[in-house]
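Scroll down for the structure; my scribbles are underneath it.
Naming convention: chains lettered A, B, ... in sequence-line order (proteins, then strands); numbering from 1 in each chain. This one's a predicted model, so the numbers in the text were calculated from it and none came from an experiment.
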There are 2 protein chains.
Amino acid sequence: MKRAIGRKRRHNEAKILAAAETVFAERGFAAATTSAIARLAGMPKANLHYYFRTKQALYDRVLDEILALWIDTAEAIRPAADPKTALSDYIAAKFEFSRRRPQASKVFANEILHGAPRVHRRLRGDLKAWLEAKCAVIEGWIASGRMAPVDPKHLFFIIWAATQTYADFDVQVEVMLDRRRLKSRDFDAASALLRRMVLRSCGLA
Amino acid sequence: MKRAIGRKRRHNEAKILAAAETVFAERGFAAATTSAIARLAGMPKANLHYYFRTKQALYDRVLDEILALWIDTAEAIRPAADPKTALSDYIAAKFEFSRRRPQASKVFANEILHGAPRVHRRLRGDLKAWLEAKCAVIEGWIASGRMAPVDPKHLFFIIWAATQTYADFDVQVEVMLDRRRLKSRDFDAASALLRRMVLRSCGLA
DNA sequence: GTCTATATATCGATAGAC
DNA sequence: GTCTATCGATATATAGAC
């Protein structure tokens, strides 16, 4: 029966993690309560604490899953790729993430906004190494004359900011666009504009 | 003695408001404690509650002051202005705000990130009207052939995101740039890149 | 206006029966 | 594994002396 028990654990952990992402996104870590997360997951608070001993441990798990998704969005940035296609695909992937997982984006934004207390170590470690590898790809394109000289790090910062604002600050965008919820065409318009801004500043359009 | 009393009140309120901006920025509304704000302001917690009856009222006052500053940054966007100069000045003013008042930017970011519970009404009211007036200026420039057609609202969203990320997510930028604190040259580099992106996408460079 | 002490409420976490 | 009841810690807000 070991396997069946493990399956139940995985099932309940998944329900808790999904509920936690929502509540952490809506309220932030401090204001999020384990009882609210448990209620959304459909179980008593004590059960949540049976699967995740502390709120902090639960939060760390949520954050870990989000970071993995975040890294995946930059798959297109490879040395052999065409710069124009790669940058376009990256922008599209980042917007797609904002559209599909706004709550995940908000949890990450809240973490960084308040000083990255939990991801600071990873930020200085593998995430910084990851960014530098991606920047080296762009530097390579520049060195071989395939695109205009641009500071690659600031280019990433601006692409992150522009794409994530449609998830993190969706309320503001929705109000200003007179939408109850952002539509596909809103993401398309934003994506087209950012793409144009990036490509032209890189001498690719 | 009425005037002297009023002066003392204003002095203490200003100290509390400054401390509150810092604490709200670092921890968010929920995690901020009135005792931490009072300690930073150099007075017992009870005194803070004498000047601001509730934490919520104090937060609302902090937010009001920030919104006023935020609106002021777009002064350059006027019908009679030259589009290239106006957009360049606006980008510079927004970066200057991120550089000088990162805590104010963070308080605002946190408010929007969690659904704008306190500024939702103003967002739909005067802030939306303000944005639409600014967008009308840009539409005017486009109609008279002074710049290329661009969706002005998305242009604003991207400029806001790109400039504010250097305040709101400064920790991430600092780590990635190997800085203990962001330097003037970092803001200059970011500003130059965003300016180039905006001007080229608007057919102004 | 200022300060100490405290009432009241809420939340994270656990004990212990089932 | 699940659930009810509860402990202990912490926070907002105020009472009341000075």
Side-chain angles (χ1 to χ4, degrees), chain A residues 1-63 107 110-111 114-115 117-118, chain B residues 1-63 107 110-111 114-115 117-118:
Chain A
M1 278 312 205
K2 191 113 190 293
R3 200 168 306 167
I5 291 169
R7 206 174 293 147
K8 174 153 238 181
R9 169 168 279 273
R10 268 192 301 279
H11 175 73
N12 282 334
E13 283 186 355
K15 281 213 302 183
I16 293 167
L17 286 167
E21 184 178 291
T22 299
V23 175
F24 284 135
E26 286 174 353
R27 312 191 196 177
F29 177 76
T33 64
T34 51
S35 86
I37 296 170
R39 196 179 324 125
L40 188 60
M43 65 182 66
K45 183 176 62 168
N47 290 30
L48 180 151
H49 282 281
Y50 172 75
Y51 288 105
F52 298 90
R53 214 174 62 80
T54 65
K55 183 167 97 161
Q56 190 70 255
L58 173 56
Y59 177 74
D60 289 345
R61 276 282 299 274
V62 169
L63 214 45
V107 173
N110 192 64
E111 166 70 12
H114 296 118
R118 307 303 293 182
Chain B
M1 280 313 209
K2 190 114 189 292
R3 202 169 303 168
I5 290 170
R7 207 175 292 145
K8 174 153 238 181
R9 169 168 279 272
R10 268 192 302 278
H11 175 73
N12 282 334
E13 283 186 356
K15 281 212 304 185
I16 294 167
L17 286 167
E21 184 178 290
T22 299
V23 176
F24 284 135
E26 285 172 356
R27 314 192 194 177
F29 176 77
T33 65
T34 52
S35 86
I37 296 169
R39 197 181 322 124
L40 188 60
M43 65 182 69
K45 183 176 60 168
N47 291 28
L48 181 151
H49 282 281
Y50 172 75
Y51 288 106
F52 297 91
R53 213 174 63 79
T54 65
K55 183 167 95 162
Q56 190 70 254
L58 173 57
Y59 177 75
D60 289 346
R61 276 282 298 275
V62 170
L63 213 47
V107 173
N110 193 63
E111 165 71 13
H114 297 118
R118 307 301 295 182

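Applying the side-chain contact (heavy atoms from CB on, under 4.5 Å) test to A/Glu26 and every residue at least two apart in sequence or in another chain returns A/Thr22. With sequence neighbours left out, the ring-ring contact (aromatic ring centres under 6.0 Å, His included) criterion links B/Tyr59 to B/Phe24, B/Phe29. Partners of B/Ala30 under the side-chain contact (heavy atoms from CB on, under 4.5 Å) rule, at least two apart in sequence or in another chain, are A/Ala30, A/Ala31. Residues passing the side chain to side chain donor-acceptor pair (under 3.5 Å) test with B/Arg118, sequence neighbours excluded: B/Gln56, B/Asp60. For B/Ala25, the side-chain contact (heavy atoms from CB on, under 4.5 Å) test picks out B/Gln103, B/Lys106, B/Val107, with sequence neighbours left out.
If you check every strand for non-hydrogen atoms under 4.0 Å, A/Ala31 touches nothing. Note on B/Ala38: nothing from the nucleic acid sits closer than 4.0 angstrom, heavy atoms only.
Rounded to whole angstrom, the span from the CZ atom of A/Arg9 across to the P atom of D/dT2 amounts to 9 Å. Atom CD1 in A/Ile16 sits roughly 12 Å away from atom C1' in D/dT2 (whole-Å rounding). The nearest whole Å value for the distance from the CG atom in A/Leu48 to the C1' atom in C/dC11 is 13 Å. Here the P atom of nucleotide D/dT10 and the NZ atom of A/Lys55 are 14 Å apart, to the nearest Å. Separating the CZ atom of A/Phe52 from the P atom of C/dT14 is a distance of 15 Å, rounded to the nearest angstrom. The distance between atom CZ of A/Arg53 and atom P of C/dA13, rounded to the nearest whole Å, is 8 Å. Note: CE (A/Met43) to P (D/dC3) measures 8 Å, nearest angstrom. Residue B/Ile37 contributes atom CD1, which lies 8 Å from atom P of D/dT12 at whole-angstrom precision.
Within the 3.5 Å criterion, the main-chain N or O of A/Arg7 finds no donor-acceptor partner in the side chain of A/His11.
Remark: B/Thr34 is in phosphate contact with D/dT12, judged by side-chain N or O atoms under 4.0 Å from OP1 or OP2.
Note that CG of B/Leu58 and OG1 of B/Thr54 are 8.0 Å apart. Values are rounded to the nearest 0.5 Å.
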Taking N or O atoms only and anything under 3.5 Å, show me the protein contacts with nucleotides 4-10 of chain C, one pair per line.
none

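B/Val62 and B/Ala20 make their closest contact through CG2-CB, 3.8 Å (heavy atoms, listed as atom of the first residue, atom of the second, distance). Here the shortest heavy-atom pairing between A/Ile37 and A/Val23 reads CG1-CB, 3.7 Å.
Among the nucleotides D/dA13, C/dG1, D/dG1, the one closest to any side-chain atom of A/Tyr51 is D/dG1. For B/Asn12, counting side-chain heavy atoms from C-beta on, the closest listed nucleotide (C/dG12, C/dT2, D/dT14) is C/dT2.
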Side-chain donor-acceptor distances from residues 39-51 of chain A under 3.5 Å, at least two apart:
residue : atom : partner : partner atom : Å
A/His49 : ND1  : A/Arg53 : O            : 3.1
A/His49 : NE2  : A/Thr34 : OG1          : 3.4
A/Tyr51 : OH   : A/Asn12 : ND2          : 2.8

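An angle of 10°, rounded to 10°, separates the two end axes of the helix from C/dG1-D/dC18 to C/dC18-D/dG1, each defined over five pairs.
For DNA chain C, no neighbouring residue in residues 19-30 of chain B is found when judged by any heavy atom under 4.0 Å.
Note on residues 12-22 of chain B: pairs passing salt bridge (charged side-chain N to carboxylate O under 4.0 Å, His left out), not counting sequence neighbours, are B/Arg9-B/Glu13, B/Glu13-B/Arg61, B/Glu21-B/Arg101.
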